[in-house]
Amino acid sequence: MHKGFLKAGTLLAALAVVFGAFAAHAIKSRVSEDTLAVFETGVRYQMYHSLALIITGILYKEFSNISLLWAGRLFIVGVILFSTSLYLLTYFKATENTTMFWLGAVTPFGGVCFIAGWGFLLKGVLNKRN
């Protein structure tokens, strides 16, 4: 499983760089500073948790236990819920589509996944066994 986390982490990190460049060059002039900040928050948290996923993959080789599996899974789900919801909110604000602003309610669930992932990562490192 550690290779899966390493692959996912590197892919998500590469996408974070792509999205960051997209924000800096393609959408910066098309949205307000507040909306751009929302997008950049998604990129920043995606990069943080991509690196956390890579670290989880590396640690899993030494401390293979269920807690590290859950940490990695939660980091992936967190990126999907947190960052993707912020990217979509930016898109809908840029296109002035107000019917999809409910997506903002999804973002905190991604944040909870991030927090739980860090907790499981700590538990997995502290307990060499399940």
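All values below come from the heavy atoms of this structure, side chains included, with hydrogens, waters and symmetry mates left out.
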Colleague: How would you list, by chain and number, every residue that makes a side chain to side chain donor-acceptor pair (under 3.5 Å) with Arg30, sequence neighbours excluded?
Modeller: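 Side chain to side chain donor-acceptor pair (under 3.5 Å) check on Arg30 returns nothing, list empty.
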
Colleague: Using a 4.5 Å cut-off on heavy atoms from C-beta on, say whether the side chain of Leu81 contacts that of Thr107.
Modeller: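 Contact flag for Thr107/Leu81 side chains = no.
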
Colleague: Indicate if Phe82 and Trp102 have the same hydrophobic cluster label, given that clusters are the connected sets of ILVMFWY residues with side-chain heavy-atom separations under 4.5 angstrom.
Modeller: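 Phe82 clusters together with Trp102.
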
Colleague: Listed by chain and number, what are the side-chain contact (heavy atoms from CB on, under 4.5 Å) partners of Phe22, not counting sequence neighbours?
Modeller: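 Phe22 satisfies side-chain contact (heavy atoms from CB on, under 4.5 Å) with Ala26, Ile27, Phe39 once adjacent residues are dropped.
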
Colleague: Can I get a per-line list of side-chain donor-acceptor pairs under 3.5 Å for residues 4-21, giving both atom names and the distance, sequence neighbours left out?
Modeller:
residue, atom, partner, partner atom, Å
Thr10, OG1, Leu6, O, 3.0
Thr10, OG1, Lys7, O, 3.0

Colleague: Can you confirm whether Leu36 sits close enough to Lys28 that some side-chain heavy atom of one is under 4.5 Å from a side-chain heavy atom of the other?
Modeller: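 A side-chain contact exists here, since the closest heavy-atom pair is under 4.5 Å.
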
Colleague: Check this for me: Phe109, atom CZ, are more than 12 non-hydrogen atoms of other residues, nucleotides or ligands nearer than 6.0 Å?
Modeller: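 Atom CZ in Phe109 is not packed in, count stays at 12 or less.
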
Colleague: Working to the nearest 0.5 Å, report the span between CZ of Phe120 and CZ of Phe75.
Modeller: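 Spacing of CZ (Phe120) from CZ (Phe75) equals 11.0 Å.
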
Colleague: Distance from Ile80 atom CD1 to Cys113 atom SG, nearest 0.5 Å?
Modeller: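 Nearest 0.5 Å value for the CD1-SG distance: 9.5 Å.
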
Colleague: Could you walk me through whether Lys93 and Phe101 pass the side chain to side chain contact (heavy atoms under 4.5 Å, CB included) test, one step at a time?
Modeller: CA-CA 8 Å; Lys93 284 184 179 184; Phe101 285 172; 3.6 Å; yes

Colleague: If you look only at pairs with a residue in residues 39-49, which of them pass as a side chain to side chain donor-acceptor pair (under 3.5 Å), with sequence neighbours excluded?
Modeller: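 Passing the test, one end in residues 39-49: Thr41-Arg44, Gln46-Tyr87, His49-Trp118.
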
Colleague: Looking at CG of Leu69 and CG of Leu74, how far apart are the two atoms once the value is rounded to the nearest 0.5 Å?
Modeller: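 The CG atom of Leu69 sits 11.0 Å away from the CG atom of Leu74.
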
Colleague: Once rounded to the nearest 0.5 Å, what's the spacing between atom OG of Ser85 and atom CG of Leu89?
Modeller: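 Rounded to the nearest 0.5 Å, the OG-CG separation comes to 6.0 Å.
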
Colleague: Looking at CD1 of Ile76 and CZ of Arg73, how far apart are the two atoms once the value is rounded to the nearest 0.5 Å?
Modeller: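 Separation between the atoms: 9.0 Å.
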
Colleague: Could you see if Leu121 belongs to whatever hydrophobic cluster contains Val112? Use Ile, Leu, Val, Met, Phe, Trp, Tyr and a side-chain cutoff under 4.5 Å.
Modeller: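 As far as the 4.5 Å side-chain criterion goes, Val112 and Leu121 are not connected within one cluster.
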
Colleague: Do the side-chain N and O atoms of Thr35 and Thr90 include a donor-acceptor pair separated by under 3.5 angstrom?
Modeller: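 No, no side-chain donor-acceptor contact under 3.5 Å.
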
Colleague: Do you know which two heavy atoms are closest between Ala94 and Val31, and how far apart they sit?
Modeller: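 Of all heavy-atom pairs spanning Ala94 and Val31, the closest is CB-CG1, 3.6 Å.
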
Colleague: For Thr95, enumerate each residue passing the side-chain contact (heavy atoms from CB on, under 4.5 Å) test, keeping only those at least two apart in sequence or located in another chain.
Modeller: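 Counting only residues at least two positions away or on another chain, Thr95 forms a side-chain contact (heavy atoms from CB on, under 4.5 Å) with Tyr91, Phe92, Asn97.
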
Colleague: Quick one: do Ile66 and Leu53 end up in the same hydrophobic cluster if we chain Ile, Leu, Val, Met, Phe, Trp and Tyr together by side-chain heavy atoms under 4.5 Å apart?
Modeller: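 Linked within one cluster.
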
Colleague: Mind checking what makes side-chain contact (heavy atoms from CB on, under 4.5 Å) contact with Asp34, not counting sequence neighbours?
Modeller: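 Listed in chain order: Ser32.
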
